[in-house]
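Side chains are part of it too, since the values below use all heavy atoms of this structure and drop only hydrogens, waters and symmetry mates. Here, residue 1 is the first one in the sequence, and each next residue gets the next number.
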Amino acid sequence: MTPDRLDNWLRDYGAAWEGRDAELVASLFAEDGVYCWGPHEPPIEGRDAIRERWSRTTGHQREVAFRHELLGIDGDRGFARWWSTITDTDTGSRVELDGVFVLDFAADGLCTQLQEWWLAKPAAS
């Protein structure tokens with residue numbers, strides 16, 4: 001993994017989130033990729049399961065803005081901090097998320113495992 005490849009992957013991930021594009025986000029993962037959706041949920045295993053969970057989760061989000069900062073690389077593992085602001089259409093509330101990714105990659109640049117941790121707070125008006 002290189003800084004440019006990691007940055008490009010994160011840009012694509014952000015574009016998928018901002019566009020609520022489950023196909024795009026699924027295409028960033030290996031067929032047997034694993035998405036660890038926070039520390040308290042079981043891992044989501046496989047591209048199809050990632051696509052389905054992503055679609056369900058982002059289906060009620062609007063006005064998504066995503067940004068990231070590379071923290072480091074160790075072999076095929078990348079580390080990044082990310083921020084996102086979303087509007088939840090169910091409640092109308094705007095929320096700010098502040099998180100960290102640990103990402104493992106295959107030689108072809110597809111993510112084999114994403115681990116994320118994040119905190120949420122109401123967005124400033």
Side-chain angles (χ1 to χ4, degrees):
M1 181 52 56
T2 67
D4 285 343
R5 287 181 77 186
L6 179 56
D7 190 56
N8 288 337
W9 193 95
L10 289 162
R11 286 179 195 274
D12 289 345
Y13 180 93
W17 195 354
E18 290 175 348
R20 296 179 327 275
D21 187 338
E23 291 300 322
L24 176 55
V25 82
S27 74
L28 299 173
F29 287 85
E31 192 64 43
D32 61 349
V34 176
Y35 195 129
C36 300
W37 202 290
H40 302 294
E41 294 192 35
I44 301 161
E45 298 182 21
R47 190 180 285 163
D48 291 339
I50 292 168
R51 180 185 303 107
E52 188 279 326
R53 173 67 186 269
W54 186 268
S55 181
R56 189 167 22 100
T57 300
T58 62
H60 64 92
Q61 298 175 351
R62 298 293 180 268
E63 301 171 354
V64 177
F66 177 87
R67 66 188 209 287
H68 67 274
E69 174 187 6
L70 302 184
L71 297 177
I73 295 173
D74 182 15
D76 291 329
R77 178 170 282 174
F79 304 87
R81 184 164 180 204
W82 59 270
W83 302 265
S84 186
T85 307
I86 61 172
T87 298
D88 184 319
T89 58
D90 294 340
T91 64
S93 62
R94 193 118 172 100
V95 177
E96 291 180 12
L97 305 173
D98 185 340
V100 173
F101 287 148
V102 177
L103 303 138
D104 294 310
F105 292 93
D108 62 5
L110 293 177
C111 185
T112 58
Q113 181 169 285
L114 179 153
Q115 299 173 69
E116 70 176 353
W117 298 267
W118 48 271
L119 296 172
K121 70 175 186 174
S125 298

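In terms of hydrophobic clustering, with Ile, Leu, Val, Met, Phe, Trp and Tyr side chains grouped at heavy-atom distances under 4.5 Å, Phe79 and Phe29 are assigned to different clusters. Hydrophobic clustering, with ILVMFWY side chains joined whenever heavy atoms are under 4.5 angstrom apart, groups Ile50 together with Phe66.
Partners of Glu31 under the side-chain contact (heavy atoms from CB on, under 4.5 Å) rule, at least two apart in sequence or in another chain, are Arg47. In this structure Asp88 satisfies the side-chain hydrogen bond (donor to acceptor under 3.5 Å, both in side chains) test together with His60, sequence neighbours excluded. For Glu45, there are no side-chain hydrogen bond (donor to acceptor under 3.5 Å, both in side chains) partners, not counting sequence neighbours. For Glu52, the salt bridge (charged side-chain N to carboxylate O under 4.0 Å, His left out) partners at least two apart in sequence or on another chain are Arg56. Listed by chain and residue number, nothing satisfies the salt bridge (charged side-chain N to carboxylate O under 4.0 Å, His left out) test with Arg67 (two or more places apart in sequence, or in another chain).
By the 4.5 Å heavy-atom criterion applied to side chains, Leu24 and Tyr13 are not counted as neighbours.
Taking CG from Leu28 and CG from Leu114, the interatomic distance works out to 10.0 Å, rounded to the nearest 0.5 Å.
Of all non-hydrogen atoms in Glu41 and Trp37, the two that sit nearest each other are CB-O, 3.6 Å. Minimum heavy-atom separation, Ala80 to Leu10: CB-CD1, 3.6 Å.
Residue pairs meeting the side-chain hydrogen bond (donor to acceptor under 3.5 Å, both in side chains) criterion with at least one partner in residues 14-25, sequence neighbours excluded, are Trp17-Gln61, Glu23-Arg51.
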Side chains of residues 93-107: which donor-acceptor pairs under 3.5 Å do they make with residues two or more places apart or in other chains?
from, atom 1, to, atom 2, distance (Å)
Ser93, OG, Thr91, OG1, 2.7
Arg94, NH1, Glu63, O, 2.9
Arg94, NH1, Thr87, OG1, 2.8
Arg94, NH2, Glu63, O, 3.2
Glu96, OE2, Ala124, N, 3.4
Asp98, OD1, Arg81, NE, 3.0
Asp98, OD1, Arg81, NH2, 3.1
Asp98, OD2, Arg81, NH2, 2.6
Asp104, OD1, Arg77, NE, 2.7
Asp104, OD1, Arg77, NH2, 3.2
Asp104, OD2, Arg77, NH2, 3.1

